[in-house]
Amino acid sequence: MPWVPCVTGGVVASPTRGFVPARPAAEPRPGPRRDRPDPGPPRLSSSHQGPGAARSVRDKKGHERVSARTVLAIIGTGAAAVLALWWHSTPGVSGLGGWLTGAGEILGLLAGYGVVVLVALMARLPPLEHGIGSDRLTRWHAMGGRYIVCLVAAHALLILWGYAVEAHASLTSETATLLTQYPDVLMATVAGFLLFGVGIISMRAARRRVRYETWYYLHLYTYLAIALAFSHQFADGAAFTDDLAARFWWSAMYLAVAVAVAWYRVIVPLRAFARHEFRVLGVKPEGAGVISVYIGGSHLDELAAEPGQFFRWRFLTRSLWWSSHPYSLSAAPGTDVLRITAKDIGDHSQALSRLRPGTRVIAEGPYGAFTAGRTGRGVVLLAGGVGITPLRAMFSTLPGPVTLIYRASAEQDIVFRDELDAIAAARGAKVYYLVGSRAEIGGDPLSARMLRSLVPGLDGQEAYVCGPAGMISAAAEALRAAGVPRRQIHVELFEF
Ligand SMILES: Cc1cc2nc3c(=O)[nH]c(=O)nc-3n(C[C@H](O)[C@H](O)[C@H](O)COP(=O)(O)OP(=O)(O)OC[C@H]3O[C@@H](n4cnc5c(N)ncnc54)[C@H](O)[C@@H]3O)c2cc1C
């Protein structure tokens, strides 16, 4: 029989286990277990917001969460204020040259505002991270980036054309005039080219060809581009040349976002490093190419991390200190230990298996909106491959009826089997392991029909899906075909 959907039954073991370090020397501390049992009563967010909700709330753990609709409304209001600024500073528009220049100014202002929004989305602002989630913010950032590059290009062309028409000059001579006689335009032009460069390497086809780290560090040139372009706005922009208040508020907007970036991306992680003293306790092999890393620390309850969330981990070894990588918690967070589980797919994930106990760690987070809401509905968890990690953490803590469906290509790819069976037995939940290739199975094991047959009353349940991109979209489609409303489907993709 190629695949085995099995409902787990009798008691297997305690749902929590001590960890077994990779090497004998890795035993972190003898004596009591370092792994902490999953907390008994689940502690869930009090007001998890679906995508349509429109208010900012604070959950039980004190996380401020802001909904997507609220954020979009704020961004839209800001854009309207930018248009009002242009209107206020423009006495009138006449002639083709005037219209072209006016349009160029509007697009330039919107681009100047847009880059601030894009940076703010990536500033790791807790209300955004908890309310919207890093993956969605990253998608907005990427989409917004494409618009900004177009706005910048259109701004430059329209201004150039408009000035040329007004001065009755050719485009070539007007370009030379702008670059040599208008203050800071040369710097802004360099900034524009930097943005185009970043835009090109961020295009899907190009990005697939470069290493993540190469793309990431080149992408940081955006900050340089923003700095280079800033001054030409005040030096040449009609909206600012004579308006001190406009200059003040525009500068305040840039400054506020710069402070937020420095605070949340640098100061907060360093402060957490000092406060929690994160250290590797040990490494445990979990299966073919999959290991768990146990990270100890003090006052970890203050992090208010929730099952389903992830941290960006920076392991302070000679080869790993310079990059931080996201990994989800693979067990409910304890007061003095956290666990992550990684599949070795590249340099970083492979190096994790060689971590030594005592290695210091900078952990940035917790991040992510892939957390359980208190809806009172039953829950179905759908895992593909190593996508089991956040779902494993949720499986032990979610209240009410839970079904876990775990899709893997081969038996040896299943990790945490003992833990999952034990949790299922302890809480009376169901686990189905759908193992084998589609060809072996003779069809799609995550079809709507199959899901409905495994989970009675599926359409009334909350569904949490994590796994490879293809599996996520197939599962989400099947869930919708099975009648689960879109707002009840929550996904986590291990990719930004
Ligand atoms: C929110 C989130 C949670 C995740 N949780 C887990 C988990 O619990 N277990 C697990 O095994 N994997 C998890 N991942 C994936 C994990 O981060 C990548 O597998 C790992 O960073 C790959 O790095 P590498 O150097 O080993 O491989 P590479 O070959 O360098 O990278 C492979 C791919 O991983 C992504 N990636 C690489 N470096 C980074 C980085 N610094 N930041 C973001 N993405 C990067 C890129 O898409 C890249 O194409 C998660 C990813 C995200 C976004």
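The model shown is predicted, which means the values in this text are computed figures rather than measured ones. For ligands, and for the atoms within them, numbers begin at 1 and follow the listed sequence.
For Y464 and F370, the ring centers are positioned less than 6.0 Å apart. Between F311 and Y367, the gap from one ring centroid to the other reaches at least 6.0 Å.
The nearest protein heavy atom to atom 25 (O) of ligand 1 is closer than 4.0 Å. For atom 29 (O) of ligand 1, a protein heavy-atom neighbour is found at a distance under 4.0 Å.
When each atom of ligand 1 is checked for a heavy atom of T341 under 4.0 Å away, the hits are 7 (C), 8 (O), 9 (N), 10 (C), 11 (O). Each of the following atoms of ligand 1 lies closer than 4.0 Å to a heavy atom of T389: 7 (C), 8 (O).
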| request: With side-chain contact (heavy atoms from CB on, under 4.5 Å) as the test, would you mind laying out the steps for H325 and E213 before giving the verdict? | output: CA-CA 10 Å; H325 287 242; E213 281 79 10; 3.3 Å; yes
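Of all heavy-atom pairs spanning L454 and Y432, the tightest one is O-OH, 3.4 Å. Scanning both residues, S134 and F310, for their nearest heavy atoms gives OG-CZ, 3.2 Å.
Considering backbone and side-chain N/O of H348, one or more are found under 3.5 Å from N/O of ligand 1. Residue contacts with ligand 1: Q350 is placed with no nitrogen or oxygen under 3.5 Å of a nitrogen or oxygen of the ligand (distance criterion only). Residue contacts with ligand 1: R207 is placed with no nitrogen or oxygen under 3.5 Å of a nitrogen or oxygen of the ligand (distance criterion only). Remark: ligand 1 and S328 share an N or O pair separated by less than 3.5 Å (distance only, no angle test).
Distance from atom 21 (O) of ligand 1 to its nearest protein heavy atom, with residue and atom name: H325 ND1, 2.7 Å. Counting protein heavy atoms only, atom 17 (O) of ligand 1 is closest to P326 O, 2.7 Å. The closest protein non-hydrogen atom to atom 11 (O) of ligand 1 is K343 N, 2.8 Å. Of all protein heavy atoms, the one closest to atom 13 (C) of ligand 1 is F494 CD1, 3.5 Å. Nearest non-hydrogen protein atom to atom 31 (O) of ligand 1 is I345 CD1, 4.6 Å. Closest to atom 27 (O) of ligand 1, if we only count protein heavy atoms, is G346 CA, 3.3 Å.
In Y212, the part holding a heavy atom less than 4.0 Å from any atom of ligand 1 is the side chain. At a heavy-atom cutoff of 4.0 Å, ligand 1 is contacted by the backbone of S324 but not by its side chain. Under 4.0 angstrom from ligand 1, the non-hydrogen atoms of F310 all belong to its side chain.
The pair E129-R124 does not count as a salt bridge, with every side-chain nitrogen at least 4.0 angstrom from each carboxylate oxygen. Here K284 pairs with E286 in a salt bridge; the nearest charged N to carboxylate O distance falls below 4.0 Å. Residues R452 and D459 are not paired through a salt bridge, judged by the lack of any N-O separation under 4.0 Å between the basic side chain and the carboxylate. With salt bridges taken as basic N to acidic carboxylate O contacts below 4.0 Å, none links R314 and E364.
Distances from ligand 1 to the non-hydrogen atoms of E495 include at least one value under 4.0 Å. Distances from ligand 1 to the non-hydrogen atoms of G368 include no value under 4.0 Å. Using a non-hydrogen distance threshold of 4.0 Å, D347 registers as a contact of ligand 1.
Between the side chains of W313 and S324, no donor N or O sits under 3.5 Å from an acceptor N or O.
F273 does not carry R360 over the face of its six-membered ring by the limits of under 6.0 Å from the centre and within 45° of the normal.
In summary, of the residues considered (R339, H348, R312), a side-chain hydrogen bond (donor to acceptor under 3.5 Å, both in side chains) with Y327 occurs for H348 alone.
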